[in-house]
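Before any comments, here is the structure.
Heads up: numbering here begins at 1 and tracks the sequence. Each ligand, and each atom within it, is numbered from 1 in the order the structure gives. What's counted below: heavy atoms across the whole structure, side chains too, no hydrogens, waters or symmetry copies.
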Amino acid sequence: MGVVGCGLMGSGIAEVCAKAGYTTLVREIDDRLLARGLERVHKSLGTAVERGKLSPSERDTVIGRIRGTTSLDDFRDCELVIEAATENPDIKKRTFAELDRICAPHAILASNTSSIPIIQMAGATQRADKVLGMHFMNPVPVMPLIEYVRALTTSDETLDAARRFGESLGKRVIVSKDRAGFIVNFLLIPYLCESVRMLEQGFATREDIDVGMMLGTSYPMGPLTLLDFVGLDTTLFIADILFDEFKDPRFAAPTLLRQMVAANFLGRKTGRGFYNYQAGERPPSR
Ligand code: CAA
């Protein structure tokens, strides 16, 4: 297994692959980011031990299956590579072209993109039939779903092999056609944007919006808390891609969301979003 990128998603993907028994190579662009990513994996495995999901010896075995690198050339023996780099089409296309040159002809190449059409990455390779989307959900070790995206060119054999792989991770697999938002974000993003519009219009307090959906519909988190968790910048980025593709006002990002991103109120990752974590605020919980 190869994983490109050891950020929030890449480190989670590397962790679940290694937990399922795969020897996993994970690549970051420099030693500092690699060390930070591997630290994230260790921390999450530590949490799994604390929660009784893994024994300390299993944790050590899992850690032993993960190796970090800063060079894609080390991926030459990988059977499957999952790309989880920055959501930038040019970077992704370059990475796929490079992987296509390095990996064996039978290797499958997948992207964890949440929004970029898979055909763009497939078209950068000479193996468009062996390219698909594998969209993991955050937090990867906990969320039981992977959303697969079948490009126009993805073959049945690739999809079958990928499906067996996903199930070997203990995840449920769903399949979407290759259009912006796939299944989950096509439904989730308008819901999140609508919650921001509701707050912006002074229709209800942030707590009441969150508690309403948490207790009224049994979502684990209210929409504004989820926005802080996913990242306001990530949500805005996906909303803009959806709006570009469909020109549908459902996907138009609310002004408040755009302004909060400009103010660097990105959610948990910057300590402030709809809730001010730096100031000790906590979103409502059950
Ligand atoms: N490894 C393994 N298991 C872990 C773990 C880890 N590192 N950390 C936590 N867990 C387990 C816990 O032991 C617990 O298991 P049980 O239910 O068996 O007890 C479970 O995970 C839940 O953990 P917690 O009790 O710590 O936390 P919680 O109950 O408050 O749930 C949450 C946290 C899972 C994040 C929950 O709030 C949730 O599901 N929120 C919504 C998340 C969501 O919607 N994610 C999708 C975002 S959209 C996306 O990703 C797509 C995109 O493109 C934007």
Inspect the contact between [Y] and [X] and indicate whether a charged nitrogen and a carboxylate oxygen are less than 4.0 angstrom apart.
| X | Y | value |
| --- | --- | --- |
| Lys92 | Glu83 | yes |
| Glu194 | Arg197 | yes |
| Lys19 | Glu15 | yes |

What does the N/O contact table under 3.5 Å look like for ligand 1?
residue: ligand 1; atom: 7 (N); partner: Ser44; partner atom: O; Å: 3.2
residue: ligand 1; atom: 7 (N); partner: Ser44; partner atom: OG; Å: 3.0
residue: ligand 1; atom: 15 (O); partner: Lys53; partner atom: NZ; Å: 3.3
residue: ligand 1; atom: 18 (O); partner: Lys53; partner atom: NZ; Å: 2.5
residue: ligand 1; atom: 25 (O); partner: Arg51; partner atom: NH1; Å: 3.4
residue: ligand 1; atom: 26 (O); partner: Arg51; partner atom: NH1; Å: 2.7
residue: ligand 1; atom: 26 (O); partner: Arg51; partner atom: NH2; Å: 2.9
residue: ligand 1; atom: 45 (N); partner: Asn138; partner atom: O; Å: 2.7
residue: ligand 1; atom: 50 (O); partner: Asn138; partner atom: N; Å: 3.0
residue: ligand 1; atom: 53 (O); partner: His135; partner atom: NE2; Å: 2.9
residue: ligand 1; atom: 53 (O); partner: Asn185; partner atom: ND2; Å: 3.0

Output side-chain donor-acceptor pairs under 3.5 Å for residues 25-34, partner residues at least two apart or in another chain, one line each.
residue: Glu28; atom: OE2; partner: Cys6; partner atom: N; Å: 2.9
residue: Asp30; atom: OD1; partner: Arg32; partner atom: N; Å: 3.2
residue: Asp30; atom: OD1; partner: Leu33; partner atom: N; Å: 2.8

Salt bridge (charged side-chain N to carboxylate O under 4.0 Å, His left out) involving Asp156 - partner list, sequence neighbours excluded: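 Arg150.
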Residues which pass salt bridge (charged side-chain N to carboxylate O under 4.0 Å, His left out) with Glu147, listed by chain and number, not counting sequence neighbours: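 Glu147: no salt bridge (charged side-chain N to carboxylate O under 4.0 Å, His left out) contacts found.
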